[in-house]
Amino acid sequence: MLHRQIEQRLHAAVRTVLPDADTESLLVRPCPDTKFGDYQTNALMGLAKARKMNPRQLAADVIAQLDVAEWCEPVEIAGAGFLNFRLKPAAVVQMLAGAQRGEHLFFEKTSRPRTAVVDFSSPNVAKPMHVGHIRSTILGDCLARTLRLLGHRVITDNHIGDWGTQFGKLLVGWKRHLNRAALQANPIDEMERLYKTVNAACDADAAVLETARQELVKLQSGDVENLSIWREMIALSQRQFDEIYGRLGVKFDHTLGESFYNPRLKAVAEDLRARGVARESEGALVAFFDDIPALKDHPAIIQKSDGAANYTTTDIATLEHRLQTWQPDEIIYVTDGRQQLHFHQVFAIFRRGHAALPTRLAHVWFGSILGEDGKPFKTRSGETVKLADLLDEAEERALKVIAEKNPELPPEKQREIARIIGLGAVKYADLLPNRQSDYIFSWDKMLALQGNTAPYLQYAYTRVQSIFRKGGVVGGGAPEFQLTAPEEIHLAKHFLNFGIVLEAVAAEHRPNYLCNYLYDLAGHFARFYEACPVLKSTDAERATRLGLCVLTARVLRQGLDTLGIEVSDQM
RNA sequence: GCGCGAGUAGCUCAAUUGGAUAGAGUGUCGGUCUCCGAAGCCGAAGGUUGUGGGUUCGAUUCCCGCCUCGCGCACCA
């Protein structure tokens, strides 16, 4: 890609001027304002500062050694020492033509593929998936898609909650209160009912609580009946998970739940004890972090005083397993921000055994979804919002709008489009904000279908397709471009930044960069669309404009697909 | 108390290794469909980036203090 080629030439020039300089961090980025140029580097100012040099003089010296004439107009020094690069039209056209021929789509696969394990979603067995799972699921899926697109090896692993104390109560409920017909009709609702029933009974009667405890112990010690019930609960839950994932278009390579690691927990705990990472404290096995200021006052329990392991141990066992099985360069955990302390602890414990390991451990955390009142998002009656209901409502709301805007479409088609629009809106609303901030869930905003929303992007796509339909265009024409109108040029140059954005998403785990890029792309297209009639134009102008339409559609489609969002030819 | 976040336009949010005049959407007001889909486009108004210092050519970004809010902090996950 052009910015990278410019960057390499810049590095070479700097090495000539300053042979000992570390050029790794000298980046060429898009200009914040096109009036300055197309790309800039501000790194020379930092370099000059570190060496107490005059920044403008350094810039001049570098330019003297810099040869980018095949792509750029003469390079300019601006302000305190910015270098501004303006692309030659021929260079832009060459990029467009290459894309038109299918040689690339403005990004390149990495030359150094990495292996990344992405751990996300992690719903609990016997409970409905709810709104609390949506961000992890959508964010994780998007990161996995982005990394794959860039050519990395990605392993997605759903670490489901299929083990734990809740099964004591569930087993009591299953044995005492199970309604087979209800289970048949809606297994999750029935299991949730069982849990709530027994949970209430436990609060009222200590004997029930004791029974639950005993059922749990039986399960843990391998009781055949309890194991069989437990397996059935998992299977029923998995069916529900699969249905939701099917709707969301999310796939996992593996589903290794907590129970998978049970056989390893004892050994993990013993190993930590033996290596002195953890020691006895108040009857439990605990890891202390006296050398880490942030964790000094926050020890982690490895093994409870009753001998049972907890989730810290499970996560360490999981980590070890992933390392041995896949040898990842990076493991990405996509969870709620409230687990920050937990992962700090897990990572710290892990580092004590693998100090030299280059594996990058990333806790990609996100904020809470709040209701319009600023409090945790709940239904009117105070229940957590079930994911299935939320997706249903998104589709219903989208269907209403479509029926109104486009009543002549057959009902079947309307429903299909409503599905694409509704799910797209939900996903986009989740991916657009900075993941670390809480965001307020608002149907009206996400389905407003105006402003920076998925429907706006999908709408831009349908307008392109509409041009192709009207014009009877197939394939998109010849790869020849003559850019003249400013709207054509802005659109064309925006394509070129697709790869930069994808790489930023992968590096920082922030899909909102891609959302904003696509929103800008749709905006550039809309202005082009207003100013530059396509089908009415002729000859080279028409070929150029059709080509820009083709590329807009391709980038939009690829970009949205990377967000996990589908497009439709009509809406 | 300790730790992690957040505080930017009326509201919801951006801001790419510290970079150029802090940008969008929404809402408000105004313009724009005999023209490829107006779910669009154009324009106006709207800011002491919580607050006080510091670092420097340059700070929403880095450092320190303070204020407000959210979350977490040994046997739940």
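Naming convention: chains lettered A, B, ... in sequence-line order (proteins, then strands); numbering from 1 in each chain.
- No side-chain N or O of A/Gln339 forms a donor-acceptor pair with one of A/Tyr333 less than 3.5 Å apart.
- A donor-acceptor contact under 3.5 Å is not formed by the side chain of A/Thr165 with the base of B/rA77.
- No side-chain donor-acceptor contact under 3.5 Å links A/Asn512 and A/Arg435.
- When the C1' atom is compared between B/rA15 and B/rG23, the two are found 7 Å apart, to the nearest whole Å.
- B/rA9 and B/rU28: their C1' atoms are spaced 13 Å apart (whole Å).
- Between the C1' atom of B/rA39 and the CD atom of A/Gln458 lies a distance of 11 Å, rounded to the nearest Å.
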(message) Could you write out RNA chain B as dot-bracket? Rules: Watson-Crick or G-U wobble, both distances under 3.5 Å, brackets [ ] for crossings, | for pairs with another strand, dot for unpaired.
(response) (((((((..((((.....[...)))).(((((.......))))).....(((((..]....))))))))))))....
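- Nucleotides B/rG65 and B/rG19 are separated by 27 Å at their C1' atoms, to the nearest Å.
- Closest approach to the A/Lys304 side chain among B/rA20, B/rC42, B/rC75 is made by B/rC75 (side chain taken as heavy atoms from C-beta onward).
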Under 3.5 Å, N/O pairs linking protein and nucleotides 57-68 of chain B:
from   : atom 1 : to      : atom 2 : distance (Å)
B/rG58 : O6     : A/Lys49 : NZ     : 2.9

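- Between A/His298 atom NE2 and B/rG3 atom P the separation is 8 Å, expressed in whole Å.
- When the nucleotides B/rA20, B/rU21, B/rA14 are ranked by their closest atom to the side chain of A/Pro32, B/rA20 comes out on top.
- Taking only distance into account, the side chain of A/Tyr459 never meets the base of B/rA39 through a donor-acceptor pair shorter than 3.5 Å.
- Between B/rC35 and B/rC41, the two C1' atoms lie 14 Å apart (nearest whole Å).
- Residues A/Tyr261 and A/Asp315 have side chains that never bring a donor and an acceptor to within less than 3.5 angstrom of each other.
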